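Remember, predicted model here, so these are calculated numbers, not experimental data. Numbering starts at 1 and runs along the sequence shown. Counting convention: from 1, in listed order, for ligands and their atoms alike.
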Amino acid sequence: MWEHRLIERMVAVLKVELARMASSDTVDPVAIDTAVDFFRTYADRTHHGKEEEILFRELRGKALSDEHRRIMDELLAEHVTGRREVGGLVAAKARFVEGDVSALAGIRGHLGTLVEFYPRHIEKEDRRFFHPCMAYFTKGELNAMLGEMWEFDRKMIHERYGHLVDEWETRTAP
Ligand SMILES: [Fe+2]
Ligand SMILES: [Fe+2]
């Protein structure tokens with residue numbers, strides 16, 4: 001939930017950026033790249049990664065109520081939606097950089113969807129899922145998950161930059 005607060009701050013910044021785009025009819029491609037990196041590396045890989053690969057994995061082994069099982073399925077589907085919107089944003093920005101001015105509408109559309117989507121997703125997790133789901137675990141299980149989450153985070157920066165160099169090597173290979 002602490003990570004949700006940083007995502008909310010990014011959403012607030014992007015709302016300002018969207019308003020600027022609307023009044024100037026142009027876009028700062030570097031700002032879009034920064035937003036994409038935040039959504040992919042932080043919000044999706046680091047944050048959704050811990051939800052899906054640790055918390056949801058452990059919850060699958062519990063006798064969840066119908067409501068909690070349904071919400072978990074919805075949350076997983078929403079993570080997929082988030083990835084799809086970021087993918088759309090990347091594609092629209094690429095078209096804009098190549099000179100397609102009409103791609104501006106796509107950038108605005110995907111960014112607009114993301115700034116609406118994330119607060120709703122976060123509210124569902126904060127208010128209707130995370131707190132009640134803690135009751136499925138013993139204190140020992142909660143501590144074990146927390147330890148695994150710290151380890152997940154510890155590896156993340158190495159994974160991020162490992163992939164970056166891998167990709168660059170592939171692009172520059174003779
Ligand atoms: Fe989530
Ligand atoms: Fe979350």
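Taking the six-membered ring for Trp and thresholds of 30 and 60 degrees, Phe129 and Phe56 have ring planes more than 60 degrees apart, a perpendicular arrangement.
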Donor-acceptor contacts under 3.5 Å from residues 61-73 side chains, at least two apart:
residue: Lys62; atom: NZ; partner: Glu141; partner atom: OE1; Å: 3.1
residue: Lys62; atom: NZ; partner: Glu141; partner atom: OE2; Å: 2.9
residue: Ser65; atom: OG; partner: His68; partner atom: N; Å: 3.1
residue: Ser65; atom: OG; partner: His68; partner atom: ND1; Å: 3.2
residue: His68; atom: ND1; partner: Tyr136; partner atom: OH; Å: 2.7
residue: Arg69; atom: NH2; partner: Lys62; partner atom: O; Å: 3.3
residue: Arg70; atom: NH1; partner: Glu74; partner atom: OE2; Å: 2.8

Please tabulate, one pair per line, all N/O donor-acceptor pairs under 3.5 Å involving side-chain atoms of residues 99-119, not counting sequence neighbours.
residue: Asp100; atom: OD1; partner: Ser102; partner atom: N; Å: 3.0
residue: Asp100; atom: OD1; partner: Ser102; partner atom: OG; Å: 2.5
residue: Asp100; atom: OD2; partner: Ser102; partner atom: OG; Å: 3.4
residue: Arg108; atom: NH2; partner: Met21; partner atom: O; Å: 3.3
residue: Arg108; atom: NH2; partner: Asp25; partner atom: OD1; Å: 2.9
residue: His110; atom: ND1; partner: Glu85; partner atom: OE1; Å: 2.7
residue: Thr113; atom: OG1; partner: Gly109; partner atom: O; Å: 2.9

Just distance, no hydrogens or angles: give the donor-acceptor pairs under 3.5 Å from side chains in residues 166-174, sequence neighbours left out.
residue: Thr170; atom: OG1; partner: Asp166; partner atom: O; Å: 2.8
residue: Thr172; atom: OG1; partner: Trp168; partner atom: O; Å: 2.9
residue: Thr172; atom: OG1; partner: Glu169; partner atom: O; Å: 3.4

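Between Leu55 and Met134, some side-chain heavy-atom pair lies under the 4.5 Å cut-off.
To the nearest 0.5 Å, atoms CG (Asp153) and NE2 (His47) are separated by 11.0 Å.
In terms of distance to the Fe ion (ligand 1), the nearest N, O or S atom of His79 is named NE2.
Of all protein N, O or S atoms, those under 2.8 Å from the Fe ion (ligand 2) number 4.
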